[in-house]
Structure formats: structure tokens, C-alpha cells
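Here the structure is laid out as C-alpha cells; the discussion comes afterwards.
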Amino acid sequence: MDRPRPCGCKGRRTCLKCEKDFAIERIDFFKQFQTLKAFTYCPWCNKIYPGWNTAEVMEEHKTGHRGIVGEYYPGVYIDLDFLNEEDERLLMAGIDEMPWDISQSGRRKQNFGPKTNFKKAKLRVGQFDGFPLFSEFVQHRFEQIPLMQDFQTIEQCSLEYTPEKGASIDPHIDDCWIWGERIVTVNLLSDSVLTMSRYRSEQTPRYNLQFVEKYKDKLLAEFLDNSTMDKFDDRIVRIPMPRRSLLVLYGPPRYQWEHSVLREDIIERRVCLAYREFTPMYLQGGSEFAASEDVLKHAQNFWDHKDKNFAVVQ
């Protein structure tokens with residue numbers, strides 16, 4: 001069923017509704033990952049420790065992780081106190097005053113960014129005219145983080161996950177033709193987990209990974225060698241995404257692992273803000289800058305959503 005279904009899912013993407021209505025058998029990634037050795041990333045140690053339950057492993061930090069020596073897992077940045085309660089309240093008030101669109105795998109979305117054709121590697125401005133004013137402070141706060149100081153947001157997406165719909169996102173790597181190295185997530189309303197599983201390259205590259213060779217020398221972190229990656233053949237890494245935290249993936253986790261949000265890790269409503277930047281090819285001085293210059297100009301705009309006369313859809 002490659003065509004979109006009424007719930008928004010298509011292909012192998014499913015939610016609880018279409019699984020019931022169309023008798024679709026879903027790939028059980030939770031069950032698959034349970035057969036592997038689980039490690040959890042500790043945001044204070046910047047290392048991984050054995051354990052599936054991220055809350056338990058984070059609690060063990062207080063007692064030195066039971067004497068276990070952690071392993072390095074480079075390419076992850078977590079700011080546990082990125083937002084305060086008032087920040088979250090203001091963001092959610094603005095988000096919920098705007099209409100939602102249905103998306104795949106039981107999610108809803110609000111997307112602000114250019115029109116992209118990943119198969120043909122074509123970019124155009126489309127209807128993109130910047131971002132909601134109520135979220136401007138988030139982008140300004142990025143400037144206070146050394147890792148993010150030159151980050152130029154060109155897409156901002158609100159994504160809603162609820163347990164009632166069986167919301168999730170299957171293992172994947174974000175497109176590498178247009179979206180740059182840093183994958184940025186601001187987590188709202190509830191805790192969740194990002195599950196990382198090793199990606200093995202295929203004869204025909206997926207996710208437009210072939211484009212990475214064009215800008216590999218400009219990455220913030222080098223790839224891990226094969227011998228190091230081989231240790232993760234039978235492992236998954238669980239990265240905590242606590243409420244009001246910021247998560248940035250770059251380097252190896254961005255390109256050498258697939259990331260997913262399991263249905264089983266959505267316990268209550270969760271909304272995240274996902275931010276994307278251009279690949280170096282589309283930045284000033286890059287070979288494709290002429291195609292992206294207008295998009296970058298539009299990305300400087302912030303508009304009051306109350307002036308847009310949106311009809312609120314719940």
C-alpha cells in the first residue's frame with residue numbers, strides 16, 4: 001500500500017489505526033532491538049553504559065554507574081536544561097494555536113521549510129516564508145552553544161507523538177543531500193528516547209549518503225573506523241531525550257547509525273521541534289549556493305502566527 005492512507009501512513013509506515021483497518025502486520029523494531037545488547041548514553045559522562053532503561057542508567061550516574069567503565073560514543077550533545085517551564089509553556093501555546101497536518105506513523109506535524117525533492121535532488125522556496133515568531137527565541141539560544149554558533153536553520157518542524165495513535169518513527173538516517181550534519185531536537189511535554197542502531201552501507205546508497213563525499217572534509221567529527229563500528233553489530237544505543245532538553249547529533253551518529261523513536265517509548269503526549277541546516281554545498285561558497293540563496297533569505301523571517309488567520313485543528 002504505497003499510496004497514502006487516510007491516517008497519513010503509506011508503505012511500511014503504520015499506526016494503530018491503519019494496522020487495525022487494513023490488517024497490516026507491522027515490523028516490530030522493539031522486539032528486534034530486544035535481542036541486541038542495549039547501552040544507554042549518559043549525558044553527564046558523555047559515555048555509554050549497559051542498560052535499556054535510560055532513566056535507570058541516568059540514576060546510576062549518582063553512584064558512579066556501579067563502577068562500570070563507560071565507552072565513548074562521540075557525536076552527541078545534550079543540554080538537559082535548555083528550556084525552562086515558562087519557555088515550554090509559551091512554545092506549546094503557540095504550537096497548539098496553529099493547525100496540524102497528518103503525518104506518517106501516527107504523528108502530526110507542522111512544517112516550515114523549503115520544498116525539497118529528495119529523489120531528484122531539487123530545491124525550491126515553495127511557500128516557505130520563515131518561522132513562527134513565538135519560536136524565535138529558540139534559534140537565538142542556539143547561538144549560546146559553541147557547537148551551534150554557525151548553525152543556520154532552514155527547516156523547523158513540530159512533530160507530535162501520542163500513545164493513542166501508536167506514534168513512532170522507524171529507523172532511518174536523515175537525508176544527506178540537503179540536510180546538513182547537525183540533527184537538532186528540542187523535546188517538549190514528556191521524556192522520550194532515541195534508539196540508535198548501526199547502519200550498514202548497501203550497494204545502492206540509501207538516504208542520499210553518496211553526497212557526503214562532497215563535503216566530508218567539512219564535518220565536525222570524523223567517522224569511526226570499521227573495527228570500532230564492528231563492535232556495534234549486536235548493540236543498540238539508547239539516547240535519553242528528557243523533557244525540555246536539547247539533543248544534537250553530528251558526526252558518527254548522524255551518518256553511521258540509524259535513529260528511531262519506538263512506539264513503546266511514547267508514554268504520553270510528546271512534541272518535539274526538529275531543526276535542520278543545509279549541507280555545505282548549499283551554503284555561501286558552496287557549489288549549489290545559487291539554488292539556496294533565496295531560501296536562506298526567507299529563513300531570516302519570523303512572523304506572528306495570529307496574523308495568519310489559521311484555523312486551529314485538534
Side-chain angles (χ1 to χ4, degrees), residues 2 4 8-13 29 75-76 101-105 107 109-128 131 148 150-159 161 168-186 194-221 223 239 247-261 272-284 286-296 298-299:
D2 287 335
C9 300
K10 66 179 180 179
R12 74 176 192 180
R13 314 295 186 191
F29 291 106
V76 178
D101 296 322
I102 58 172
S103 185
Q104 298 192 61
S105 304
R107 294 168 294 154
K109 66 180 180 180
Q110 298 167 344
N111 191 65
F112 311 103
K115 190 74 173 176
T116 52
N117 186 318
F118 299 114
K119 291 184 178 180
K120 298 181 179 180
K122 296 291 185 182
L123 170 74
R124 59 188 179 88
V125 174
Q127 297 182 346
F128 176 51
F131 309 104
M148 298 284 290
D150 61 344
F151 188 90
Q152 299 180 57
T153 299
I154 50 89
E155 184 186 65
Q156 176 180 310
C157 189
S158 310
L159 293 167
Y161 295 74
S168 64
I169 187 166
D170 290 353
H172 69 288
I173 293 174
D174 282 18
D175 181 83
C176 301
W177 150 64
I178 196 67
W179 306 141
E181 179 178 5
R182 288 163 290 194
I183 301 300
V184 180
T185 304
V186 176
L194 201 65
T195 301
M196 313 295 294
S197 50
R198 182 185 180 180
Y199 171 73
R200 281 197 170 276
S201 58
E202 303 168 7
Q203 189 170 7
T204 302
R206 298 177 67 193
Y207 312 120
N208 280 325
L209 276 162
Q210 69 274 15
F211 283 94
V212 179
E213 290 299 322
K214 295 178 179 289
Y215 53 83
K216 199 170 183 179
D217 61 329
K218 295 181 173 63
L219 297 182
L220 296 168
F223 285 13
I239 300 178
L247 170 65
V248 183
L249 297 183
Y250 61 99
R254 164 69 169 101
Y255 300 107
Q256 294 179 285
W257 273 269
E258 292 180 310
H259 60 272
S260 58
V261 176
C272 72
L273 293 177
Y275 292 86
R276 301 294 178 260
E277 62 180 337
F278 274 139
T279 54
M281 300 181 297
Y282 287 87
L283 296 176
Q284 191 163 13
S287 60
E288 307 300 323
F289 179 64
S292 62
E293 194 168 5
D294 283 346
V295 173
L296 289 164
H298 282 260

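When reading the values below, keep in mind they use all heavy atoms of this one structure, side chains included, and skip hydrogens, waters and symmetry mates. What you see is a predicted model; the values in this text were computed from it and never measured.
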Is the shortest heavy-atom distance from the side chain of [X] to the side chain of [Y] under 4.5 Å?
X: Val248; Y: Val76; result: no
X: Pro114; Y: Val125; result: no
X: Tyr207; Y: Asp175; result: no
X: Ile169; Y: His259; result: no
X: Asp101; Y: Gln110; result: no
X: Leu194; Y: Val261; result: yes

At what distance, to the nearest 0.5 angstrom, does [atom1] of [X] lie from [atom2] of [Y]?
X: Phe112; Y: Ser158; atom1: CZ; atom2: OG; answer: 5.5 Å
X: Leu159; Y: Ser105; atom1: CG; atom2: OG; answer: 11.0 Å
X: Asp294; Y: Leu123; atom1: CG; atom2: CG; answer: 9.5 Å
X: Tyr275; Y: Gln152; atom1: OH; atom2: CD; answer: 15.5 Å
X: Ile178; Y: Lys122; atom1: CD1; atom2: NZ; answer: 12.0 Å
X: Met196; Y: Gln256; atom1: CE; atom2: CD; answer: 10.5 Å

Near-ring test Tyr282/Phe289, centroid separation under 6.0 angstrom: no

Trp179 and Asn208: CA distance, side-chain angles, deciding distance, side chain to side chain contact (heavy atoms under 4.5 Å, CB included) verdict: CA-CA 10 Å; Trp179 306 141; Asn208 280 325; over 6 Å; no

I need the minimum non-hydrogen distance between [X] and [Y], along with the two atoms involved.
X: Pro171; Y: Arg12; answer: O-NH2, 3.9 Å
X: Phe278; Y: Ser292; answer: CE1-CB, 3.5 Å
X: Cys176; Y: Tyr215; answer: O-OH, 2.6 Å
X: Phe151; Y: Arg276; answer: CZ-C, 3.8 Å
X: Trp257; Y: Ser197; answer: CD1-C, 3.2 Å

Give a yes or no on whether the backbone of [Y] and the side-chain of [X] come within a donor-acceptor separation of less than 3.5 Å.
X: Arg13; Y: Lys10; result: no
X: Ser260; Y: Thr195; result: yes
X: Gln156; Y: Leu273; result: no
X: Glu181; Y: Leu220; result: yes
X: Arg254; Y: Gly180; result: yes

Steps toward side chain to side chain contact (heavy atoms under 4.5 Å, CB included) verdict (Leu249, Thr185): CA-CA 9 Å; Leu249 297 183; Thr185 304; over 6 Å; no

Evaluation steps, side-chain hydrogen bond (donor to acceptor under 3.5 Å, both in side chains), between His172 and Asp170: CA-CA 6 Å; His172 69 288; Asp170 290 353; over 6 Å; no

Glu293/His298 under side chain to side chain contact (heavy atoms under 4.5 Å, CB included): CA gap, chis, key distance, verdict: CA-CA 9 Å; Glu293 194 168 5; His298 282 260; over 6 Å; no

Parallel, tilted or perpendicular: ring planes of Phe118 versus Trp177, cut at 30 and 60 degrees: perpendicular

Residues Tyr255, Tyr199; criterion ring pair (Phe, Tyr, Trp, His ring centres under 6.0 Å); working and verdict: CA-CA 8 Å; Tyr255 300 107; Tyr199 171 73; over 10 Å; no

Candidate pair Glu155 and Phe128, rule side chain to side chain contact (heavy atoms under 4.5 Å, CB included), full reasoning: CA-CA 9 Å; Glu155 184 186 65; Phe128 176 51; over 6 Å; no

Crowding at CD, Gln284 (>12 non-hydrogen neighbours, <6.0 Å): no

Cationic tip of Lys216 above Phe211 ring, under 6.0 Å, 45° of axis: no

Electrostatic pair Arg182-Glu277, nearest N-O below 4.0 angstrom: yes

